[in-house]
Amino acid sequence: AKWNTADGALVAESAQALVPTSPTYTAFTVKNPAGWPPGKYQVAIAVNGHVLQTRTFDIAADAVK
């Protein structure tokens, strides 16, 4: 998983080794103890170096405390 800001700056990157023998799922999280600046972000999930899904999300100004 690669987490980026809207302008493409890398926020975080994490990986998990998976060897599924049946349907499976995994979860990725990213934390910032100082809080996240409001704005648009994107996470891209890749398997073996190939991006399978990309999602864009917003952090609203009123969500930052």
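Legend: salt bridge (Lys or Arg N to Asp or Glu O under 4.0 Å) pairs involving residues 17-26, not counting sequence neighbours: none detected. Listed by first and then second residue, the salt bridge (Lys or Arg N to Asp or Glu O under 4.0 Å) pairs involving residues 47-56 amount to none (not counting sequence neighbours). Here salt bridge (Lys or Arg N to Asp or Glu O under 4.0 Å) pairs that include residues 1-30, with residues two or more places apart or in two chains, are K2-E13. Screening residues 25-54 for salt bridge (Lys or Arg N to Asp or Glu O under 4.0 Å), with sequence neighbours left out, gives K40-D58.
A side-chain donor-acceptor contact under 3.5 Å links Q16 to the backbone of A27.
When the side chain to side chain contact (heavy atoms under 4.5 Å, CB included) test is applied to V51, the partners found at least two apart in sequence or on another chain are A44, A46, T54. Applying the side chain to side chain contact (heavy atoms under 4.5 Å, CB included) test to T24 and every residue at least two apart in sequence or in another chain returns P20. Residues meeting the side chain to side chain donor-acceptor pair (under 3.5 Å) test with T29, sequence neighbours left out: none. Partners of F57 by ring-ring contact (aromatic ring centres under 6.0 Å, His included), not counting sequence neighbours, listed by chain and number: Y41.
Taking a 4.5 Å side-chain heavy-atom cut-off between Ile, Leu, Val, Met, Phe, Trp and Tyr, the cluster of V47 extends to L52.
The heavy-atom pair separating A60 from P38 by the smallest distance is C-CB, 4.2 Å.
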Review point. For V11 and N4, what are the C-alpha separation, side-chain angles and deciding distance, and is it a side-chain contact (heavy atoms from CB on, under 4.5 Å)?
Key: CA-CA 5 Å; V11 171; N4 295 294; 5.5 Å; no

